[in-house]
Amino acid sequence: MLTITAVIRAKKGHEATMRQALLDVVDHVRANEPSTIGYYVSQDASDPCVFATYERYLDQAAMDRHNNSPAVARFFDVAKSILDGDVILVSANEIASKGDAK
């Protein structure tokens, strides 16, 4: 399982726009990405400008499809002017999880 964790900081006053842009990506993932195993978006409880995603992909092809999707392009079109600093990305190989046993 391949994963991406992203930490995204919006400029103050743009939290709602960033939140909606991320939720739009989630809608796309749900409707169009069966090989995206999990896609989670969180907003920091103490700093509403900070968001995090945790993304789980079946394989590299699934990750590439997601990262090259129109939804991700639209997200960055919206986000580029309201980002407060760089997006912090961690791409990894998942080594353990708690989930449904198969």
Side-chain angles (χ1 to χ4, degrees):
M1 189 79 55
L2 300 177
T3 67
I4 295 175
T5 302
V7 178
I8 303 159
R9 177 178 287 279
K11 292 178 182 173
K12 190 153 184 68
H14 295 278
E15 302 91 330
T17 301
M18 184 66 75
R19 178 186 176 101
Q20 188 57 56
L22 288 164
L23 292 175
D24 290 345
V25 175
V26 173
D27 288 344
H28 172 85
V29 169
R30 286 179 180 149
N32 300 291
E33 297 184 16
S35 296
T36 300
I37 304 305
Y39 198 91
Y40 307 89
V41 176
S42 303
Q43 188 172 18
D44 190 292
S46 62
D47 184 348
C49 291
V50 178
F51 298 83
T53 69
Y54 183 67
E55 309 165 22
R56 300 177 76 222
Y57 301 97
L58 183 63
D59 54 24
Q60 186 65 49
M63 183 185 285
D64 292 344
R65 276 191 301 276
H66 171 76
N67 287 333
N68 295 311
S69 71
V72 170
R74 280 190 304 273
F75 168 77
F76 280 106
D77 283 345
V78 171
K80 66 184 170 189
S81 66
I82 62 171
L83 284 172
D84 186 6
D86 293 333
V87 174
I88 299 168
L89 288 177
V90 177
S91 296
N93 294 308
E94 186 173 274
I95 59 172
S97 68
K98 178 185 174 197
D100 295 333
K102 301 251 179 197

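Here the closest non-hydrogen pair linking Val72 and His66 is CG2-O, 3.1 Å. The nearest pair of heavy atoms linking Val25 to Phe75 is CG2-CB, 3.7 Å. Nearest heavy-atom pair, Gln43 versus Pro48, reported as atom, atom and distance to 0.1 Å: NE2-O, 2.8 Å. In terms of heavy atoms, Glu33 sits closest to Thr36 at OE1-OG1, 2.6 Å. For the residue pair Gln60 and Leu2, the shortest heavy atom distance occurs at N-CD1, 3.4 Å. Residue Asp84 comes nearest to Lys11 through the heavy atom pair CB-N, 3.8 Å, listed as atom of the first residue, atom of the second, then distance.
Once rounded to the nearest 0.5 Å, the distance linking CE of Met1 with CD of Glu55 reads 13.5 Å. Atom-to-atom distance recorded for Thr3:OG1 and Tyr40:OH is 11.5 Å, nearest 0.5 angstrom.
Put simply, Tyr39 and Val78 are part of two different groups of oily side chains (I, L, V, M, F, W, Y) that touch within less than 4.5 Å, one to the next. Both Phe76 and Ile4 are assigned to one and the same hydrophobic cluster, defined by single-linkage of ILVMFWY side chains at heavy-atom distances under 4.5 Å. No continuous path of hydrophobic side-chain contacts links Ile82 to Ile88 [ILVMFWY only; heavy atoms under 4.5 Å]. Residues Val26 and Tyr57 fall within the same hydrophobic cluster, defined by Ile, Leu, Val, Met, Phe, Trp and Tyr side chains chained together at heavy-atom separations under 4.5 Å. Note on Met18 and Val50: separate hydrophobic clusters, where clusters join Ile, Leu, Val, Met, Phe, Trp and Tyr whose side-chain heavy atoms are under 4.5 Å apart, directly or indirectly.
Residues satisfying the side chain to side chain donor-acceptor pair (under 3.5 Å) test with Asn67, not counting sequence neighbours, are none. Not counting sequence neighbours, the partners of Ser46 by the side chain to side chain donor-acceptor pair (under 3.5 Å) test are Asp44. Judged as a side chain to side chain donor-acceptor pair (under 3.5 Å), and not counting sequence neighbours, Ser69 has no contacts. Partners of Asp47 by salt bridge (Lys or Arg N to Asp or Glu O under 4.0 Å), not counting sequence neighbours, listed by chain and number: Arg9.
Residue pairs satisfying the salt bridge (Lys or Arg N to Asp or Glu O under 4.0 Å) criterion with at least one member in residues 13-25, sequence neighbours excluded, are absent. Counting only residues at least two apart or in different chains, salt bridge (Lys or Arg N to Asp or Glu O under 4.0 Å) contacts with residues 62-72 are absent.
Around the CG atom of Asp86, the shell of radius 6.0 Å holds no more than 12 heavy atoms that belong to other residues, nucleotides or ligands.
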